[in-house]
Amino acid sequence: MKNEEISAAFQTLADVLEIKGANAFRVNAYRRASRIVEGLSADIAELSSSGAVREIPGIGEGTATLIEEYLETGKMSALEDERKSIPKGLIELLEVPGLGPKTIGLLWTKLNVRSLSKLKRALRGDKILELPGMGKKKVENIRAGVTAYESRSGRLTLGVVLPIGRRIVEELGRMREVKRIELAGSVRRYRETIGDIDVLVASTSPDRVIEAFTHLEHVEEVLAAGSTKASVRVSGALQVDLRVVEPASWGAALVYFTGSADHNVRLRGLAIDAGLKLNEYALLKGERAVASRTEEAVYSRLGLSYVPPELREDRGEIEAAMKDELPDLIELGDVCGDLHVHSDWSDGHATIEDMALACRRRGYRYMSINDHSKSLGIAHGLAIERLERQMEEVDALNARLRNFTVLKGTEVDILSDGNVDFPDELLERLDVVVASIHSGFAQSSDQITGRILSAIANPNVDIIGHPTGRLLGSREPYAVDLERVMNAAAESGTALEINAYHERLDLNDTNARRARDLGVGIVISTDSHRPDDLDSMELGVHTARRGWLRRADVLNARTLRSLRSWLRRADVR
DNA sequence: GCCGTTTTCGGCCCGACTGTTTTCAGTCG
């Protein structure tokens with residue numbers, strides 16, 4: 001799918017135009033187009049050929065034409081032309097905190113700043129102080145921004161950020177002055193990566209809360225502190241923003257600071273249409289607040305059913321909420337078991353029994369054990385004889401365990417030639433066969449897609465593990481054609497995994513949504529290697545929620561009995 | 001650039017903080 005490439009192209013086009021000082025609304029239109037294309041669950045090539053792309057709100061004549069051009073030629077001529085008109089190094093400078101398009105444009109035209117290194121040189125000289133609007137403090141700020149930019153590690157994964165945010169909430173929440181406190185922003189929406197943490201507090205003593213916030217133990221630097229908001233840096237590069245509002249504004253503020261920006265713009269539009277105004281304090285009719293205390297009240301007054309935070313991305317949730325047709329999303333408590341768990345038989349760090357007991361403590365009724373297969377030597381993959389011994393151990397364990405069942409399974413390697421690492425006679429004796437790729441990542445799209453398609457065609461394979469192989473921040477997905485994989489999986493009744501490990505979350509939200517739309521069964525699994533890893537199920541479930549999944553879409557939200565009847569589907573096929 | 005049961009032209013979400021400003025521009029979310 002070209003969705004990501006086209007989204008990136010619009011983003012770059014917006015960056016270039018912004019630096020050149022183009023109309024801000026035009027720039028914003030391209031940014032919006034970028035986010036819309038990124039969030040599409042369908043293949044843009046399909047939408048474009050059927051003409052449906054022009055029906056999407058926010059995609060008009062101009063952007064649709066650019067999309068068509070890209071699909072046809074692999075380029076957007078408008079972007080190529082614009083990109084030539086400014087130095088290449090300027091786009092990167094937009095990432096420097098405190099440095100915006102206006103200042104970049106000024107530095108470029110007046111001081112010939114064309115790159116990060118030239119910016120650093122300019123910051124050392126005196127000429128920069130002669131520019132209009134430039135003073136000593138501003139220069140100092142930009143210098144600090146450059147330092148922060150060079151040391152930043154990019155966006156962090158949700159799994160890393162969430163515990164830090166929750167600790168801050170717990171510490172501040174102990175204050176008498178704090179009436180309510182909650183994480184907002186992308187953390188509350190459970191986005192897979194996080195730029196900064198947003199914390200919202202309701203209090204009648206904002207000064208004291210801000211004072212305490214800026215003096216929290218892990219705060220390394222106070223970036224700003226006013227009478228209602230403050231920003232600090234903790235744990236290296238992570239920024240935390242605090243906003244304090246009156247308790248009466250809690251609901252409106254929580255909507256506002258949860259975002260996303262696109263979702264908020266839509267809400268404001270609805271408010272305007274209804275003769276109202278929405279800001280972070282209230283939904284107003286003239287001067288009078290008509291809703292503000294709870295999120296539910298704000299949505300209700302706008303004629304919408306309550307929109308769960310994970311859906312607030314302007315990906316159709318507004319339209320669905322108008323018609324009261326939002327899906328009843330799966331919840332963590334719906335999960336009945338984990339279908340991808342390792343043990344110390346391969347590269348795990350706990351016994352099968354310890355993993356089983358940890359699952360049972362979480363309220364699950366079953367778990368499958370899926371150690372690696374023989375070819376994955378680095379992970380002590382099991383040879384056939386060892387797997388047979390493990391099956392005997394599982395039988396013995398099940399005889400002892402009460403109210404819990406361990407299913408026999410494997411995470412069998414999909415080899416470079418497309419065969420799986422165990423013979424069918426063996427796979428037939430297992431309950432849960434997860435097939436995954438752990439080698440040959442650099443193969444062509446046809447090769448790697450072909451490998452997965454042959455695994456799907458094997459009736460003994462139940463689930464394709466981490467279908468794109470990506471690792472957030474360190475490894476791009478392999479070149480798999482997911483559209484073909486999903487269609488084949490829907491056809492054969494093979495499930496696709498949402499791997500809940502925080503660096504994987506694979507399938508991601510939009511892919512999970514597309515899979516569900518095509519009728520593919522979904523499994524949410526943790527790929528745990530130790531008992532604590534099982535906690536990442538939360539991330540998997542919220543990724544599924546971002547993909548609009550209901551309980552009925554998720555196979556491991558079924559009872560053991562119902563799950564078994566699905567696992568036996570191959571026999572009756 | 002996008003959009004329209006008030007509009008095909010003239011709007012486009014709204015406010016806090018900072019620093020450079022004597023009334024506001026730039027950045028950020």
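It should be emphasised that the depicted structure is a prediction, and the values quoted were computed from it without experimental measurement. The sequence lines fix the lettering, A, B, ..., with proteins before strands; numbering per chain opens at 1.
Note: OH (Tyr149(A)) to P (dC28(B)) measures 14 Å, nearest angstrom. Atom-to-atom, CD of Glu18(A) to P of dG26(B) comes out at 12 Å; the value is rounded to the nearest Å. In this structure, the CG atom of Leu242(A) is 16 Å from the C1' atom of dC28(B), given to the nearest Å. Per the geometry, NE2 belonging to His263(A) stands 20 Å off P belonging to dG29(B), to the nearest Å. The CD1 atom of Ile142(A) sits 13 Å away from the P atom of dG26(B) (whole-angstrom rounding). In this entry the distance linking CD of Glu140(A) with P of dT27(B) reads 18 Å, nearest Å. Between Glu280(A) atom CD and dC17(B) atom P the separation is 10 Å, expressed in whole Å. A straight line from CZ of Arg35(A) to P of dG29(B) spans 13 Å, rounded to a whole angstrom.
Annotation: cation-pi geometry satisfied between Arg513(A) and Trp548(A) (NZ/CZ under 6.0 angstrom from ring centroid, within 45° of ring axis).
Taking atom C1' in both dT23(B) and dT18(B), one finds a spacing of 15 Å when rounded to whole Å. Nucleotides dG11(B) and dT6(B), compared at atom C1', are 13 Å apart to the nearest Å. Between the C1' atoms of dT27(B) and dT21(B), the separation comes to 16 Å (whole Å). For the P atoms, the distance linking dG26(B) with dT20(B) amounts to 14 Å, nearest Å. Separation of the C1' atoms belonging to dC3(B) and dT8(B) is 9 Å when rounded to the nearest angstrom. Taking atom P on both nucleotides, dG1(B) is separated from dT5(B) by 22 Å, rounded to a whole Å. Comparing the same atom, C1', in dG29(B) and in dC13(B) gives a spacing of 12 Å after rounding to whole Å.
In summary, Glu192(A) and Arg470(A) engage in a salt bridge, as defined by a charged side-chain N under 4.0 Å from a carboxylate O. Using a cut-off of 4.0 Å between Lys/Arg side-chain N and Asp/Glu carboxylate O, Arg35(A) and Glu313(A) are scored as not salt-bridged. The pair Glu150(A)-Lys120(A) meets the salt-bridge criterion, since a charged nitrogen lies less than 4.0 angstrom from a carboxylate oxygen.
Within the 4.0 angstrom heavy-atom criterion, no nucleotide atom of any strand lies near Leu267(A). Contacts of Arg243(A) with the nucleic acid, taken as non-hydrogen atoms under 4.0 Å apart, involve only primed sugar atoms and P, OP1 or OP2. Counting non-hydrogen atoms under 4.0 angstrom, Phe25(A) reaches a base of the nucleic acid. Here Ala33(A) lies out of heavy-atom contact (under 4.0 Å) with every strand. Backbone-only contact: Asp241(A) has heavy atoms under 4.0 Å from sugar-phosphate atoms and none from a base.
Dashed line: the shortest gap from a side-chain N or O of Ser231(A) to OP1 or OP2 of dG29(B) is not under 4.0 Å. Contact annotation: Tyr281(A) reaches the phosphate of dA16(B) (side-chain N/O to OP1 or OP2, under 4.0 Å). Ser227(A) has no side-chain polar atom (N or O) that falls below the 4.0 Å cut-off from OP1 or OP2 of dA16(B). Considering only side-chain N and O atoms, Thr103(A) lies under 4.0 angstrom from the phosphate OP1 or OP2 of dT27(B). Using a 4.0 Å cut-off, some side-chain N or O of Arg26(A) falls inside it from OP1 or OP2 of dG1(B). Distances shorter than 4.0 Å separate none of the side-chain N or O atoms of Asn264(A) from OP1 or OP2 on dC13(B). Side-chain nitrogen and oxygen atoms of Lys277(A) include at least one within less than 4.0 Å of the OP1 or OP2 phosphate oxygen of dG15(B).
Each of Val265(A) and Pro57(A) lies near DNA chain B, and the nucleotide nearest Pro57(A) is the one positioned closer to the 5' end. Nearer to the 5' terminus of DNA chain B, by closest-nucleotide assignment, is the contact made by Ala261(A) (compared with the other of Ala261(A) and Lys229(A)).
Among the nucleotides dC2(B), dG1(B), dC17(B), the one closest to the side chain of Ala224(A) is dC17(B). Among the nucleotides dC12(B), dC2(B), dT20(B), the one closest to any side-chain atom of Ala29(A) is dC2(B). Comparing dG26(B), dC13(B), dG29(B) against the side chain of Lys102(A) picks out dG26(B) as the nearest. The side chain of Asp198(A) lies closest to dG29(B), out of dG29(B), dA16(B), dG19(B). For Ile272(A), whose side chain is taken as the heavy atoms from C-beta onward, the closest listed nucleotide among dG19(B), dC13(B), dC17(B) is dC13(B). The side chain of Thr63(A) lies closest to dG1(B), out of dC14(B), dG1(B), dC17(B). Closest to the Lys138(A) side chain, of the nucleotides dG19(B), dG29(B), dA16(B), is dG19(B). Among dT27(B), dT20(B), dA16(B), the nucleotide with an atom closest to any side-chain atom of Pro101(A) is dT27(B).
Base orientation of dT21(B): anti, since the glycosidic angle falls outside 90° of 0.
Within 3.5 Å, a donor on the side chain of Tyr256(A) pairs with an acceptor on the base of dG29(B), or the reverse.
Summarising the base pairing, dA25(B) is matched to dT18(B) through a Watson-Crick or G-U wobble pair whose two defining distances lie under 3.5 Å.
Under the side-chain contact (heavy atoms from CB on, under 4.5 Å) criterion, Glu140(A) pairs with Arg143(A), not counting sequence neighbours. With sequence neighbours excluded, the residues that form a side-chain contact (heavy atoms from CB on, under 4.5 Å) with Ser77(A) are Glu69(A).
By the 30° and 60° cut-offs, the orientation of the rings of Tyr299(A) relative to Tyr306(A) is perpendicular.
Donor-acceptor pairing under 3.5 Å is lacking for the side chains of Tyr281(A) and Glu246(A).
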